[in-house]
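Take a look at the structure set out below.
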2 protein chains.
Amino acid sequence: MARKPADQSVHKDDIIMAAADVLQRNGYEATTMKDIAAQVNLTAASLYHHFRNKDELLLAVLEAGLDHVIGEIEPIVESTRPCAEKLRLMIALHVVSLTQNTAVGAAMVFEIRSLMSLKTPPRNGSAFDADAQQGLLQRRDTFFARRDYFEDLFRRVLREGIAVGEFKPIDVPIFSKMILGAHNWVSVWYREGGRLNGDQIAALFADGFLKGLLHE
Amino acid sequence: MARKPADQSVHKDDIIMAAADVLQRNGYEATTMKDIAAQVNLTAASLYHHFRNKDELLLAVLEAGLDHVIGEIEPIVESTRPCAEKLRLMIALHVVSLTQNTAVGAAMVFEIRSLMSLKTPPRNGSAFDADAQQGLLQRRDTFFARRDYFEDLFRRVLREGIAVGEFKPIDVPIFSKMILGAHNWVSVWYREGGRLNGDQIAALFADGFLKGLLHE
DNA sequence: TAAAAAATCAAATCGTCATTAGATTATCAT
DNA sequence: ATGATAATCTAATGACGATTTGATTTTTTA
């Protein structure tokens, strides 16, 4: 019979968060399963009870981060308000999310490449392992699609703003990349206890993107 | 007596460029000395004739990239022209440089962390090795200082523009990070042969940062 | 309470590197 | 030409780290 997970156990989510932490400090390749395990008082071997392998754990970290931020931003896009206000809110949520969990944020920025170069290990390939790897590659692709969906949320608001006459007719894909690049970089330089908090940074970003440098 | 390097030899710069290439593809930790060596038809062991170790090679890659871009941008800052024009040029040079050598560009973005976590290897520490490592740490710090100097080039132009009344009184450090974040991200998503080339992307960026989204 | 499922661990495997040692070959300065 | 220096190679060395194997300990359900 199915059982609910034992209370003694460390939950998958705990491991994911721990992994994000260590990942931020060291990067994927430099992070050992032992490092991650230590963070939650387990041995490396125990992690394999929860995740098929290191790649799957990384993917879980990234999926968690992406799902979270999409969940926050999606409703705003679908709401009815001036596009400038939508954009302000989207920027605020994304930036604050990045400053509140720089670990996952940094992983999203830095570890994409590790995902892309997911080696199909030419192991003593049992049909079993092959399937498992196939599943991972599938999930990897889904992740990238979802990542583009996230970016598209910004593109949609920009397009809408232009259509409505609120925004200038800028190049939408490029402007989106510009915004997201600025955001992603935050997770690299932001430090808790700095001069500005996430909200303040976001407000300045929004002003910057909306109004620009020049006087009218 | 000093001798000039043999013609047979692969030049240090060749190795540095090769390393940047492989680094872009795989990331620091996933890149083996063998990979880099193969790129220039050498064996891994031969690389140690040119570089003390892998860390020093990475540092050389980053130093080369930084020196190049600083060399291009510095003169513009010191020139006399409207700040808006200065900024346009700086953006163009930086972005084009990133699109023309995404390898080094990506390294600058992605491998900083590897540098930061330069482990002082608790080797069978001969005083010799210790000194060598000390030197690396020294160079590492110098690199970071130089990196901040680069960022300061942007801050200076922004400050000047504000002082002169050309720019609005935006938050200079944040606006700089915003610009540089957008730039750095280019080396991640840019693909040769895409819809726009480096110059065009730069022009759109400059418009974006100078004029913003809203109509006057 | 007993069997089953879950969670964990210690120890062994098996590769893959970075780095070193010890030649060997090529090139230059005189 | 010839010794010195540079550049390179082949073959170790030594770690370290992902993953597997086979218990062992908990917890849950019936």
Side-chain angles (χ1 to χ4, degrees), chain A residues 1-15 18-19 22-23 26-59 114 117-126 128-130 132-133 136, chain B residues 1-15 18-19 22-23 26-59 114 117-126 128-130 132-133 136:
Chain A
M1 286 289 99
R3 275 185 46 197
K4 78 176 182 189
D7 280 348
Q8 85 185 7
S9 77
V10 171
H11 278 286
K12 244 179 152 158
D13 290 344
D14 299 329
I15 301 179
V22 186
L23 243 31
N26 306 332
Y28 182 64
E29 300 287 346
T31 295
T32 72
M33 291 298 267
K34 200 174 158 192
D35 291 338
I36 299 172
Q39 189 91 353
V40 285
N41 295 310
L42 289 182
T43 61
S46 301
L47 295 181
Y48 288 81
H49 184 71
H50 301 275
F51 300 92
R52 200 184 308 286
N53 58 32
K54 198 181 167 188
D55 287 331
E56 194 186 57
L57 178 45
L58 168 64
L59 192 50
S114 308
S117 47
L118 257 197
K119 329 177 212 323
T120 312
R123 289 285 181 187
N124 41 26
S126 67
F128 183 72
D129 289 349
Q133 199 59 21
L136 256 194
Chain B
M1 285 290 100
R3 275 183 46 196
K4 80 175 180 190
D7 281 348
Q8 82 185 14
S9 77
V10 171
H11 277 286
K12 243 179 150 156
D13 290 343
D14 300 329
I15 301 178
V22 186
L23 241 33
N26 306 331
Y28 181 65
E29 299 287 346
T31 294
T32 71
M33 292 299 267
K34 201 174 158 191
D35 291 338
I36 298 171
Q39 189 92 351
V40 286
N41 295 310
L42 288 182
T43 60
S46 301
L47 295 181
Y48 288 81
H49 184 71
H50 301 275
F51 300 92
R52 200 184 308 285
N53 58 31
K54 198 181 168 188
D55 287 332
E56 193 187 54
L57 179 44
L58 168 65
L59 191 51
S114 308
S117 46
L118 257 196
K119 330 176 211 324
T120 311
R123 291 282 182 188
N124 40 27
S126 68
F128 184 72
D129 290 350
Q133 198 59 22
L136 257 194

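Keep in mind that this is a model prediction, so the values were computed, not measured.
- Atom OG1 of B:Thr32 sits about 7.5 Å away from atom NZ of B:Lys54, to the nearest 0.5 Å.
- Rounded to an integer number of Å, the gap from B:Tyr48 OH to C:dA21 P is 13 Å.
- One can place CG of B:Leu136 at 15 Å from C1' of C:dA18, the figure rounded to the nearest angstrom.
- Set against C:dT19, C:dA7, D:dT19, the side chain of A:His49 has C:dA7 as its closest nucleotide.
- Annotation: side chain of B:Asp55 is in contact with side chain of B:Tyr28 (closest heavy-atom distance under 4.5 Å).
- Rounding to the nearest 0.5 Å places OG1 of B:Thr43 at 10.5 Å from NZ of B:Lys34.
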Kindly give the atom pairs (protein nitrogen or oxygen, nucleotide nitrogen or oxygen) under 3.5 Å for nucleotides 9-11 of chain C.
| unit_1 | atom_1 | unit_2 | atom_2 | d |
| --- | --- | --- | --- | --- |
| C:dC9 | OP2 | A:Thr43 | N | 2.8 |
| C:dC9 | OP2 | A:Thr43 | OG1 | 3.2 |
| C:dC9 | OP2 | A:Ser46 | OG | 2.6 |

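- Per the geometry, CG belonging to A:Leu57 stands 10 Å off P belonging to D:dT19, to the nearest Å.
- A side-chain contact (heavy atoms from CB on, under 4.5 Å) with B:Ile36 is found for exactly one of B:Asn26, B:Thr31, B:Leu42, namely B:Thr31.
- When the P atom of C:dA18 is taken as reference, atom CG of B:Leu58 falls 12 Å away, rounded to whole Å.
- Shown here for A:Met33 and A:Leu47, the closest heavy-atom pair between the two residues is O-CD1, 3.3 Å.
- Comparing the start and finish of the helix from C:dT1-D:dA30 to C:dT30-D:dA1, five pairs each, the helix axis swings through 20°, to the nearest 10 degrees.
- What separates CG of A:Leu47 from P of D:dA18 is a distance of 10 Å, to the nearest Å.
- In the set D:dT19, C:dT8, C:dT19, the nucleotide with an atom closest to the side chain of A:His50 is C:dT8.
- The shortest heavy-atom contact between B:Ala30 and B:Asp35 is O-OD2, 4.0 Å.
- In this structure, B:Glu29 and A:Glu29 approach most closely via the heavy-atom pair CB-CB, 2.9 Å.
- Rounded to a whole Å, the CG atom of B:Asp14 is 15 Å from the C1' atom of D:dT8.
- Put simply, CG on A:Asn53 is 18 Å from P on C:dG15, counting in whole angstrom units.
- Look at CZ on A:Phe51: it is 12 Å from P on C:dA7, rounded to the nearest Å.
- Scanning all heavy atoms of the two residues, the minimum distance from A:Val10 to A:Val40 falls at CG2-O, 3.9 Å.
- Atom CG of A:Asp14 and atom CG of A:Asn41 lie 11.0 Å apart (nearest 0.5 Å).
- When the side-chain nitrogen and oxygen atoms of B:Lys54 are compared with OP1 and OP2 of C:dA18, one or more of them lie within a distance under 4.0 Å.
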